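Order of listing sets the numbers, starting from 1, for every ligand and every atom in it. Residues take their numbers from the sequence shown, with the count starting at 1. Everything numeric in this text was worked out from a predicted model, so none of it was measured.
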Amino acid sequence: MNILVIGTGYVGSTTAMVFAELGWQVTGLDTDAHKIKQLEQGLLHFYEPGLEALLRKHIQSGQIKFTTNKDLAIQSNDLIFICVGTPSRPDGSADMRYVKQVAEDIGQKMNGYKLVITKSTVPVGTQEQITAWIGAAQEQPYPFDVASNPEFLREGKAVLDALNPDRIIIGSNSKRATNLLQSLYQSVKCPVVITTPRTAELIKYASNAFLANKISFINELARLCDAIDVNVKEVSNGMGLDPRIGASFLQAGIGYGGSCFPKDVSALILTAKQNSIELSVLEKVVQVNQTQHAYLIDKTRERLGSLANKKIAILGLAFKPDTDDIREAPALRVIESLLSEQAQIMLYDPVAVLPNSAAYKAVTECSQLEEALQDADAVLMCTEWPIFRKIDWAQMKAVMNQPNVFDGRNMLDAQDMRALGYFYQGIGF
Ligand code: UDX
């Protein structure tokens, strides 16, 4: 089977590389000629551990190639994965214009049976829409199917997740499409759920929303833990041992970010509203997440008083470790809040950088961690990069103006920090 992946962004690049690794012949298509040129040279335009190595391996093996020639690409491949972006509109709905464009291109250019599959998170009902768009654009009535096969990979662990999924969801109304997708994944060992396209589309949203729910639950509970002198980390450990609850996604902090959780939770709430259903639990999940960064700032202000002209070191900008992605990163909200209080910000992240925007002009981005801590009145930990655990805090105490550490990711050992003479405050302990 020849596979075409349309859109070489995060999901598209990973999908393309993983299918090549599974032994299929893959073509990556994008309208961005610069991106395609870079990919052809073995270079990724984002940071993802292990992915560039796979890219180079399969350029060499000849399993993967890239193109901007959409007519030829559509005509010479039978399985077409749509991996173009679905950015959020101001009302939280997904902007489907790129998906529509791709569906129309496929309809116009197809020259025989095509199986078209969505991998990116798309609103419930998209499979039906794509079917209608392709049908309306067709110049000849070639047969085609449209299926949903959502992707559950995490940034920073994309290769691992995509090669070892917990489950494969196939949303399809056609036996032919289901069989093709099953043979595509034949070498992957995990449960396969075969269902309707609508169900598959909702499984993706519901999974992300449930995980966001767990995070906001523990984050709100952490506020209570602080008030009643209980350690939230121990609460999470104790709860997580119950297999019905599970230990993951119970790490309290300054909230979730990234390209998925915030967007998907809002989109699901909107879908519910459009169907006259209120997802009130999820509305609270969003509310807790939007205020969680402020909790860290409140703690800092309680200790330092006015933050005006205080030198604050921010460690970590990316929405989580092992990525340079700053979309919806809680660190951005922390920075914006501190700027509004006229604090002096020294920022260090091993990979991520601030957008080139006037809004962040007053922030000093440091290339060395020590430079960020120099004369700091407080350190705010915003991303749990593993290298931050290895900081020599005894030495840093001499570098800082005041030994205050506010750990927005609960990543340091409170006892050790306090033993070194730091004022240390986590989220919920
Ligand atoms: C998520 C889903 O995990 C993945 O299945 C889906 O396909 C895309 O969305 P991702 O956004 O890459 O993946 O990151 P994830 O590791 O899930 O973390 C999301 C956010 O939640 C991060 O900001 C992270 O810091 C935060 N988080 C996670 C917590 O605050 N506490 C936790 O216990 C876990």
Side-chain angles (χ1 to χ4, degrees), residues 9-12 14-15 18 46-49 51 83 85-86 118-122 148-162 164-169 190 200-201 203-222 232-233 235-237 239-240 245-268 285-286 288-290 292-293 295-296 316-334 349 352 381-386 388 407-411 426-428:
Y10 194 84
V11 172
T14 311
T15 302
V18 164
F46 55 88
Y47 175 77
E48 177 62 41
L51 199 58
C83 296
T86 52
T118 52
K119 260 235 171 275
S120 331
T121 312
V122 288
S148 163
N149 173 219
E151 182 54 70
F152 295 96
L153 57 86
R154 294 163 295 173
E155 291 189 24
K157 303 244 171 5
V159 176
L160 188 82
D161 285 353
N164 308 283
D166 303 317
R167 75 287 210 197
I168 291 166
I169 309 286
C190 73
E201 287 160 353
I203 287 173
K204 174 66 201 247
Y205 276 109
S207 303
N208 277 354
F210 187 78
L211 293 172
N213 198 350
K214 276 184 101 173
I215 299 170
S216 277
F217 172 84
I218 203 70
N219 282 345
E220 200 171 38
L221 199 78
V232 74
K233 280 184 172 181
V235 176
S236 293
N237 283 343
M239 286 171 66
I245 297 173
S248 55
F249 283 74
L250 284 180
Q251 222 179 292
I254 49 171
Y256 59 78
S259 64
C260 293
F261 284 2
K263 175 167 125 216
D264 294 354
V265 174
S266 301
L268 187 55
V285 165
V286 173
V288 169
N289 198 56
Q290 282 172 349
Q292 193 66 8
H293 73 284
Y295 187 69
L296 188 75
L317 170 64
F319 84 98
K320 67 174 196 176
D322 284 328
T323 178
D324 58 356
D325 196 340
I326 61 163
R327 284 176 287 180
E328 302 285 334
L332 284 175
R333 292 196 282 270
V334 169
D349 187 287
M381 318 284 301
C382 290
T383 314
E384 67 276 34
W385 282 99
F388 296 161
D407 188 350
R409 291 295 175 188
N410 289 354
M411 62 181 300
I427 304 274

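What sits closest to atom 8 (C) of ligand 1 on the protein, heavy atoms only, is C260 SG, 3.2 Å. Nearest protein heavy-atom contact of atom 3 (O) of ligand 1 is R154 CG, 3.3 Å. Among protein heavy atoms, atom 1 (C) of ligand 1 sits closest to F261 CE1, 3.4 Å. The protein non-hydrogen atom at the shortest distance from atom 20 (C) of ligand 1 is Y256 CB, 3.6 Å. The closest protein non-hydrogen atom to atom 12 (O) of ligand 1 is E155 N, 2.6 Å.
Closest approach of I169 to R167, counting heavy atoms only: CD1-CG, 3.7 Å. Minimum interatomic distance between L250 and I245 (heavy atoms only, all atoms of both residues): CD1-CG2, 4.0 Å. Contact between V265 and A209 at its shortest, heavy atoms only, is CG2-CA, 4.0 Å. The two residues G316 and C382 have their closest heavy-atom pair at O-CB, 3.4 Å. Minimum interatomic distance between L332 and I326 (heavy atoms only, all atoms of both residues): CD1-O, 3.4 Å.
With a heavy-atom cut-off of 4.0 Å, R409 touches ligand 1 through its side chain alone. Here N208 has side-chain heavy atoms under 4.0 Å from ligand 1, and that is the only part of it that gets that close. Counting heavy atoms under 4.0 Å from ligand 1, residue K204 touches it through the side chain alone.
At least one heavy atom of G257 lies less than 4.0 angstrom from ligand 1. For K214, the closest heavy-atom approach to ligand 1 does not fall below 4.0 Å.
Where the criterion is an N or O separation shorter than 3.5 Å, residue side chain and backbone included, F152 meets it with respect to ligand 1. The distance criterion of under 3.5 Å between nitrogen or oxygen atoms is not met by S259 with respect to ligand 1. Between I215 and ligand 1, no N or O atom pair is found at a separation short of 3.5 Å. In terms of polar-atom proximity, F319 is counted as a contact of ligand 1, with an N or O under 3.5 Å from an N or O of the ligand. Residue contacts with ligand 1: L153 is placed with a nitrogen or oxygen under 3.5 Å of a nitrogen or oxygen of the ligand (distance criterion only). The shortest N/O to N/O separation between S248 and ligand 1 does not fall below 3.5 Å.
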Inset, instruction - Show your working on side chain to side chain contact (heavy atoms under 4.5 Å, CB included) between N208 and K263 and close with a plain yes or no. - result: CA-CA 10 Å; N208 277 354; K263 175 167 125 216; over 6 Å; no

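In terms of modelled atom types and a separation under 3.5 Å, the side chain of T383 and the main chain of A318 share a donor-acceptor contact. In terms of modelled atom types and a separation under 3.5 Å, the side chain of Q292 and the main chain of G253 share a donor-acceptor contact. E48 places a side-chain N or O within donor-acceptor distance of the main-chain N or O of A158, the cut-off being under 3.5 Å.
Against a heavy-atom cut-off of under 4.0 Å, F249 is close to the following atoms of ligand 1: 17 (O), 28 (C), 32 (C), 33 (O), 34 (C). Residue E151 approaches ligand 1 through these ligand atoms, each under 4.0 Å from one of its heavy atoms: 7 (O).
Remark: F152 CZ is packed, more than 12 non-hydrogen atoms of other residues, nucleotides or ligands lying under 6.0 Å away.
By the ring pair (Phe, Tyr, Trp, His ring centres under 6.0 Å) test, F210 is found to be paired with no residue, residues two or more places apart in sequence or in another chain being considered.
Between K320, K263, R327, Q251, it is K320 that holds the heavy atom closest to atom 10 (P) of ligand 1.
Within the structure, the side chain to side chain donor-acceptor pair (under 3.5 Å) test picks out the following pairs touching residues 251-260 (sequence neighbours left out): E155-S259.
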